[in-house]
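Notes follow the structure.
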Amino acid sequence: MSSVAIAINAAISAAAYCMTVRMIPRFREMFIKANLFGKDLCKKDKPQVPESFGVLIGCVFLVSLFLFIPIPFAFDEAAATDAITGGKPDTFPHDKFVELIAALLSICCMIFLGFADDVLDLRWRHKLLLPTIATLPLLMVYYVNYNSTTVIMPNFARNLFGTSLNIGALYYVFMGMLAVFCTNAINILAGINGLEVGQSLIIAGSILVFNAIELLLGHQVDLHIFSIYFMLPFLATTLALWKFNKYPSQVFVGDTYCYFAGMTFAVVGILGHFSKTLLLFFLPQILNFLYSTPQLFHFVPCPRHRLPKYDNKTDLLHISTTEFRLDDLNAPGRLMVTVLRNLRLISWHTKADGVVRTNNFTLINFVLVVFGPVHERVVTQMLMGFQVLCTLIALTIRYPLANYFYAKT
């Protein structure tokens, strides 16, 4: 009967798409009047664009799933029998119900905290703390329902650790860090029209493809159905948002959407028991994080905004830069920039006074280092194409290669 529930979920998701498409234009002026707008710095006329529209998308998503809450249990045979015949209360799947509510609670908390960030412009240390707080209901439910902290070891490590290893509390630390990473990774790889929403669309589609493959293989059916319940309305509302956020953007999504998207992915990854596979779908975000590490941890000077520079005359984006003296960096900073320079992953220009000028360390700027000045629309298309390529690599790692490394001995 789960196929009926999925069909109803798909219908609700389609309605959510239509509702979102109608609502966004109607709320644009309202957001501007509330001073929730910004200037699109990569356009000649620097137009005012309403921002923080992630809160609107998140609300539509939540309403969709609130309406869907009774559906899985109405088509659950044990729950339906209990409701009709007045059987024992123990037949109702309380564990599944609590999982669904806790997942919605975590996402709802993250939307609220993300909107607070958009309005109050919180510092980075707060941005690391907020997802941790929002994940607590999720971790508590995982502890009560599963409390499985055993990790299966790959073949090459089994002689040392055995077939599996119980890492205890470290598993919960990992899940908490996963939520922090997912929410902030999308936020870091952002800043040009359509990029945040575009990468989220591809990740959501990748998860749905993975869920479908697992269902066809008959692996952990209930867990992947649970993931589909969340991913379908997320994909629908995000697709509607993409219509207005792609180049040239009519609305900006703000940190609210990045937090909302990241927490939704973390929820299905944790409760769907495929957190490692989820990280494979985040390969571009992981590479961007590693590339950004020297600036994120202030080994190299990091300006508040690292967006590429816009050239009015050519309508193209150029690399944004940072400057420093090599001798002023600490030892780890000098090592990092030297390695990146030798690998030709950054630009490098030394002035007469010994000051070094290099690009800001983001994947967006890296594209411009490799290909030179490019139009904003093209940069977004390149990065989305790279996201799709990484999805294909992830699925290759997850199936042919994983079967080799985790083959039964």
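Given the structure is predicted, the values throughout are model-derived calculations rather than measurements.
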Check the surroundings of atom [atom1] in [X]: do more than 12 heavy atoms from other residues, nucleotides or ligands lie under 6.0 Å from it?
X: Phe66; atom1: CZ; result: yes
X: Lys44; atom1: NZ; result: yes
X: Phe112; atom1: CZ; result: no
X: Lys243; atom1: NZ; result: no
X: Met23; atom1: CE; result: yes

Less than 4.5 Å apart, any side-chain heavy atom of [X] and any of [Y]?
X: Phe282; Y: Cys182; result: yes
X: Ile111; Y: Tyr259; result: no
X: Cys302; Y: Thr322; result: no
X: Val60; Y: Ser64; result: yes
X: Leu383; Y: Gln387; result: no
X: Pro308; Y: Asn365; result: yes
X: Ser347; Y: Thr321; result: no
X: Val374; Y: Leu368; result: yes

Requested in this report: Show your working on side-chain contact (heavy atoms from CB on, under 4.5 Å) between Met175 and Tyr142 and close with a plain yes or no.
Outcome: CA-CA 10 Å; Met175 290 191 291; Tyr142 185 88; 3.6 Å; yes

As an exercise, state the distance from [atom1] of [X] to [atom2] of [Y], rounded to the nearest 0.5 Å.
X: Tyr247; Y: Ile192; atom1: OH; atom2: CD1; answer: 11.0 Å
X: Lys246; Y: Gln381; atom1: NZ; atom2: CD; answer: 10.5 Å
X: Tyr171; Y: Leu139; atom1: OH; atom2: CG; answer: 11.0 Å
X: Ile101; Y: Ser106; atom1: CD1; atom2: OG; answer: 11.5 Å
X: Glu214; Y: Ile225; atom1: CD; atom2: CD1; answer: 12.5 Å
X: Met153; Y: Thr163; atom1: CE; atom2: OG1; answer: 10.0 Å

Measure across [X] and [Y] and return the closest heavy-atom pair with its distance rounded to 0.1 Å.
X: Ser249; Y: Gly194; value: OG-N, 4.1 Å
X: Pro93; Y: Phe73; value: CG-CD2, 3.7 Å
X: Pro72; Y: Ile69; value: CD-O, 3.2 Å
X: Ala240; Y: Ile24; value: O-CD1, 4.2 Å
X: Leu345; Y: Phe366; value: O-CD1, 3.4 Å
X: Ser292; Y: Thr362; value: OG-CA, 4.0 Å

Report task. Show your working on side-chain contact (heavy atoms from CB on, under 4.5 Å) between Leu326 and Arg334 and close with a plain yes or no. Result -> CA-CA 7 Å; Leu326 194 58; Arg334 287 195 299 272; 4.2 Å; yes

Is a donor from one side chain sitting under 3.5 angstrom from an acceptor on the other, for [X] and [Y]?
X: Ser320; Y: Arg306; result: no
X: Asn360; Y: Gln295; result: yes
X: Gln285; Y: Gln199; result: yes

Using the ring of each side chain (for Trp, its six-membered ring), is [X] parallel, tilted or perpendicular to [Y], with breaks at 30° and 60°?
X: Phe92; Y: His94; result: perpendicular
X: His273; Y: Tyr146; result: perpendicular
X: Phe260; Y: Tyr257; result: perpendicular

**Report entry** side-chain contact (heavy atoms from CB on, under 4.5 Å) assessment of Phe37 paired with Val49
**Finding:** CA-CA 5 Å; Phe37 64 87; Val49 180; over 6 Å; no

**Report entry** Carboxylate-amine/guanidinium contact Asp315 Lys43, below 4.0 Å
**Finding:** no

Are any side-chain N or O atoms of [X] and backbone N or O atoms of [Y], one a donor and one an acceptor, separated by less than 3.5 Å?
X: Asp255; Y: Asp118; value: no
X: Thr149; Y: Ile167; value: no
X: Glu196; Y: Asn187; value: no
X: Asn288; Y: Leu363; value: yes
X: Ser275; Y: Ile270; value: no
X: Thr256; Y: Phe115; value: yes
X: His375; Y: Arg377; value: yes
X: Asn342; Y: Thr338; value: yes

Report task. Go through the steps to decide whether Asp40 and Phe252 satisfy the test side-chain contact (heavy atoms from CB on, under 4.5 Å), and finish with yes or no. Result -> CA-CA 9 Å; Asp40 194 339; Phe252 290 156; 3.9 Å; yes

Do the two ring centres, one from [X] and one from [Y], sit under 6.0 Å apart?
X: Phe210; Y: Phe274; answer: yes
X: Phe230; Y: Phe226; answer: yes
X: Phe234; Y: Phe265; answer: yes

Report summary line: Only one of Leu215, Val268, Leu208 passes side-chain contact (heavy atoms from CB on, under 4.5 Å) with His224, and that residue is Leu215

Report task. Could you walk me through whether Asn211 and Ser227 pass the side chain to side chain donor-acceptor pair (under 3.5 Å) test, one step at a time? Result -> CA-CA 7 Å; Asn211 293 149; Ser227 174; 2.8 Å; yes

